[in-house]
> 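Take this structure first; my questions come after.
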Amino acid sequence: IKQVIIDEGVTSITSSAFEYCTSLTKVSIPASVSSIGSFAFDYCKFSDLVIPEGVEEIGAAAFYDVGLASLTLPETLRVIETDAFYSFGVEGDEVILPAGVKTVQFGAFGMSYVDADPTGHAYWHLTVTPTDKWRTRFETYFEYVERTGDDSLLEEYTLDLFEYELTDEGAVITNWN
């Protein structure tokens with residue numbers, strides 16, 4: 001499959017709908033779609049993507065490692081889940097989030113620098129800029145760990161922020177850098 005045209009009237013793209021369709025290079029999503037499920041298009045190979053007005057939520061890893069070079073997000077978008085656009089972009093790229101985006105879960109754009117990140121810590125090459133910095137909430141790594149229980153990136157994420165020791169109670173901060 002190289003191209004998919006989703007019919008008008010379809011309201012959601014289910015989880016894993018086109019997962020691992022590595023020859024899929026183009027998708028046409030109608031305005032009737034309001035949600036794109038987790039892993040819906042991960043590992044497809046899109047160069048550009050227009051997500052139409054009407055889409056409100058993009059699930060976890062929905063466009064994971066798809067090789068996007070450009071991305072257009074709709075004003076109707078409200079939630080971008082973890083790893084939704086992991087591995088997006090090239091050096092120096094910037095994504096402008098529409099003002100309607102209320103929640104961006106940790107890692108939505110991989111380990112990208114988010115200019116609203118209170119740590120100001122850059123991990124990647126992409127800058128994500130919310131149109132409305134006061135209304136868009138970026139989930140921190142520590143909130144992600146609390147929500148999911150996944151602390152596998154603790155050492156990498158905290159490397160430049162503070163030093164810690166692992167104890168039976170978890171990570172104990174010993175020094176702020």
Side-chain angles (χ1 to χ4, degrees), residues 6 8-19 27-42 44 46 48-66 68-90 92-154 156-158 161:
I6 298 169
E8 185 65 42
V10 172
T11 58
S12 68
I13 299 171
T14 61
S15 295
S16 302
F18 301 97
E19 183 177 23
V27 64
S28 177
I29 301 170
S32 58
V33 170
S34 63
S35 67
I36 299 172
S38 299
F39 310 103
F41 295 99
D42 69 334
C44 294
F46 305 127
D48 61 337
L49 179 65
V50 175
I51 298 175
E53 293 298 326
V55 173
E56 297 177 4
E57 184 173 342
I58 298 173
F63 296 96
Y64 188 97
D65 201 17
V66 297
L68 288 172
S70 71
L71 173 65
T72 303
L73 298 172
E75 291 294 324
T76 54
L77 189 60
R78 301 291 175 259
V79 177
I80 304 172
E81 293 185 4
T82 301
D83 293 336
F85 295 102
Y86 192 91
S87 294
F88 165 74
V90 295
D93 277 354
E94 180 176 23
V95 172
I96 306 295
L97 297 178
V101 174
K102 303 296 182 223
T103 303
V104 178
Q105 291 183 351
F106 176 77
F109 292 90
M111 294 293 258
S112 305
Y113 173 69
V114 175
D115 74 357
D117 181 353
T119 67
H121 195 73
Y123 282 100
W124 206 248
H125 53 262
L126 176 72
T127 300
V128 179
T129 304
T131 299
D132 187 345
K133 289 184 182 185
W134 305 111
R135 291 201 166 160
T136 302
R137 185 175 184 300
F138 290 86
E139 179 182 55
T140 67
Y141 173 72
F142 301 102
E143 291 168 324
Y144 166 81
V145 169
E146 188 173 311
R147 179 173 58 82
T148 65
D150 176 8
D151 66 355
S152 61
L153 297 174
L154 181 65
E156 180 179 339
Y157 190 75
T158 60
L161 301 176

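Every heavy atom of this structure was used, including side-chain atoms; hydrogens, water molecules and symmetry mates were not. Only a predicted model underlies this, so the values are computations on that prediction, with no experimental measurement involved.
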> Return the set of residues passing side chain to side chain contact (heavy atoms under 4.5 Å, CB included) with T148 (not counting sequence neighbours), or none when no residue passes.
Y144, D150
> Please name all residues satisfying salt bridge (charged side-chain N to carboxylate O under 4.0 Å, His left out) with R147, sequence neighbours left out, ordered by chain then number.
E139
> If you measure from CD1 on I13 to CD1 on I6, what distance do you get to the nearest 0.5 Å?
3.5 Å
> Taking all non-hydrogen atoms of both residues into account, name the closest pair between P74 and P98 and its distance.
O-CG, 3.1 Å
> Using the test side chain to side chain contact (heavy atoms under 4.5 Å, CB included), find all partners of T103 that sit at least two apart in sequence or belong to another chain.
V79, Q105
> Answer yes or no: is there a side-chain heavy-atom contact under 4.5 Å between F63 and I36?
yes
> I'd like to know if the side chain of E81 and the backbone of A60 have a donor-acceptor N/O pair within less than 3.5 Å.
yes
> Would a distance-only check, ignoring hydrogens and angles, find a side-chain to backbone donor-acceptor pair under 3.5 Å from T72 to V50?
no
> Is any side-chain heavy atom of L97 less than 4.5 Å from a side-chain heavy atom of V104?
yes
> Output the distance between atom CZ (F39) and atom CG (D83), rounded to the nearest 0.5 Å.
8.0 Å
> What's the separation between atom CZ in R78 and atom CD1 in I58, rounded to the nearest 0.5 Å?
12.0 Å
> Minimum heavy-atom separation for D42 to A61, with atom names?
CB-O, 3.4 Å
> Who passes ring-ring contact (aromatic ring centres under 6.0 Å, His included) against F46, sequence neighbours left out?
F41
> Here's a test for you: under side-chain contact (heavy atoms from CB on, under 4.5 Å), which of L73, D65, V66 qualifies with F85?
L73
> Please report the closest heavy-atom contact between A84 and G59, naming both atoms and the distance.
CB-O, 3.6 Å
> Which residues satisfy the side-chain hydrogen bond (donor to acceptor under 3.5 Å, both in side chains) test with S16, sequence neighbours excluded?
E19
> I'd like to know if the side chain of T76 and the backbone of E56 have a donor-acceptor N/O pair within less than 3.5 Å.
no
> Extract all donor-acceptor atom pairs below 3.5 Å that involve side chains of residues 28-35 and protein atoms in other chains or at least two apart in sequence.
unit_1	atom_1	unit_2	atom_2	d
S32	OG	E8	OE2	3.4
S32	OG	G9	N	2.8
S32	OG	V10	N	3.4
S32	OG	V10	O	2.7
S34	OG	T11	O	3.3

